[in-house]
Amino acid sequence: MHESRDGELCHVEIFRRWRGPVIADGGDDQELLPEPVQELLKRHGFVEQQIPPLYRWYELPPDLNAKEENTRATRAFVALTEAGFQVAFDPELYDKASDSRTNPKATNPATDG
């Protein structure tokens, strides 16, 4: 487990570094993020970064606009929490439209019974 910037125990913390990229942190070379967490982050566009021998984190690519960063961060947050991981998530990154828990996909009336 990782201790977030607010002192919260979590598997991973997702936040925007001051005037910088969106970061997913919680592992280093001494205690790596669980493999399923790493895979979910990668699936949502996060890229592994490291400064050997101790530091390892994930961040979104720098060429994304703020809306796309929030969308990807929110989707990663939802996927991680649905998989049972504890996530410290910066509320300023939250994009309600990207949260499948509050916006389930509409069903296709042509295929409904």
Side-chain angles (χ1 to χ4, degrees):
M1 293 290 268
H2 169 76
E3 187 173 324
S4 75
R5 296 172 301 141
D6 295 331
E8 178 181 347
L9 281 180
C10 59
H11 291 101
V12 63
E13 177 179 16
I14 300 175
F15 62 98
R16 180 181 307 282
R17 185 174 287 156
W18 187 77
R19 294 190 179 188
V22 174
I23 304 290
D25 194 17
D28 56 33
D29 284 347
Q30 296 172 347
E31 184 178 336
L32 296 176
L33 284 169
E35 188 65 33
V37 171
Q38 293 180 53
E39 290 305 313
L40 285 169
L41 290 170
K42 289 175 189 175
R43 191 175 309 152
H44 293 284
F46 285 83
V47 178
E48 182 178 336
Q49 306 291 321
Q50 56 182 302
I51 301 174
L54 297 177
Y55 302 105
R56 186 181 306 243
W57 71 96
Y58 285 81
E59 67 182 54
L60 289 174
D63 60 341
L64 301 176
N65 64 41
K67 170 75 171 136
E68 182 64 22
E69 288 175 333
N70 291 358
T71 295
R72 290 184 188 201
T74 299
R75 288 180 180 165
F77 166 68
V78 170
L80 288 161
T81 56
E82 286 179 347
F85 295 102
Q86 293 177 343
V87 182
F89 187 76
D90 182 345
E92 291 191 17
L93 294 174
Y94 182 71
D95 177 37
K96 185 175 182 174
S98 299
D99 189 338
S100 61
R101 298 168 306 174
T102 59
N103 296 298
K105 293 181 180 173
T107 59
N108 184 346
T111 61
D112 288 347

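Treat the numbers as computed from the prediction; the structure is a model and nothing was measured.
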*State which residues pass side-chain hydrogen bond (donor to acceptor under 3.5 Å, both in side chains) with S98; sequence neighbours excluded, sorted by chain then number.*
T71, D95
*side-chain hydrogen bond (donor to acceptor under 3.5 Å, both in side chains) against R19, all qualifying residues, sequence neighbours excluded*: none
*Find out if a path of hydrophobic residues (ILVMFWY) with successive side-chain heavy-atom gaps under 4.5 Å connects V37 to I14.*
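Shared cluster, yes.
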*Transitively linked via ILVMFWY side-chain contacts under 4.5 Å: V78 with L33?*
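Yes, because V78 and L33 connect within a single hydrophobic cluster, where side-chain heavy atoms sit under 4.5 Å apart.
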*Any chance you could pull the hydrophobic cluster mates of L9, using side-chain heavy atoms under 4.5 angstrom and chaining through other members?*
M1
_Sequence neighbours excluded, every pair satisfying salt bridge (charged side-chain N to carboxylate O under 4.0 Å, His left out) that has a member inside residues 40-51_ = E39-K42, E48-R56
*Hey, could you give me each pair passing salt bridge (charged side-chain N to carboxylate O under 4.0 Å, His left out) that has a residue in residues 75-88? Not counting sequence neighbours.*
none
Residues in side chain to side chain contact (heavy atoms under 4.5 Å, CB included) contact with [X], at least two apart in sequence or another chain:
{"X": "I51", "answer": "Y55, W57"}
{"X": "A79", "answer": "L40, H44"}
{"X": "L64", "answer": "L60, P61, E68, E69, R72"}

*Where is the tightest heavy-atom contact between A76 and F46, given as atom of each residue plus distance?*
CB-CE1, 3.8 Å
_Show the nearest heavy-atom pair for residues T102 and K96, with the distance to one decimal._
OG1-O, 3.5 Å
*Looking at CZ of R17 and CD1 of I23, how far apart are the two atoms once the value is rounded to the nearest 0.5 Å?*
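With rounding to 0.5 Å, CZ (R17) is 4.0 Å from CD1 (I23).
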*Please confirm whether the backbone N or O of R5 pairs with a side-chain atom of E13, one donor and one acceptor, at under 3.5 Å?*
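Judged by distance alone, yes, a pair lies under 3.5 Å.
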*Not counting sequence neighbours, list each pair that qualifies as a side-chain hydrogen bond (donor to acceptor under 3.5 Å, both in side chains) and has a residue in residues 83-94.*
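Checked against side-chain hydrogen bond (donor to acceptor under 3.5 Å, both in side chains) - neighbours excluded - the pairs reaching residues 83-94 are Y94-D99.
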*Looking at side-chain heavy atoms only, is the closest gap between Q38 and V12 below 4.5 Å?*
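When only atoms from C-beta onward are counted, V12 and Q38 do not touch, as no gap falls below 4.5 Å.
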*ring pair (Phe, Tyr, Trp, His ring centres under 6.0 Å) partners for Y58, two or more places apart*: none
*Looking at residues at least two apart in the chain, or sitting in another chain, which of them share a ring pair (Phe, Tyr, Trp, His ring centres under 6.0 Å) with F85?*
H11
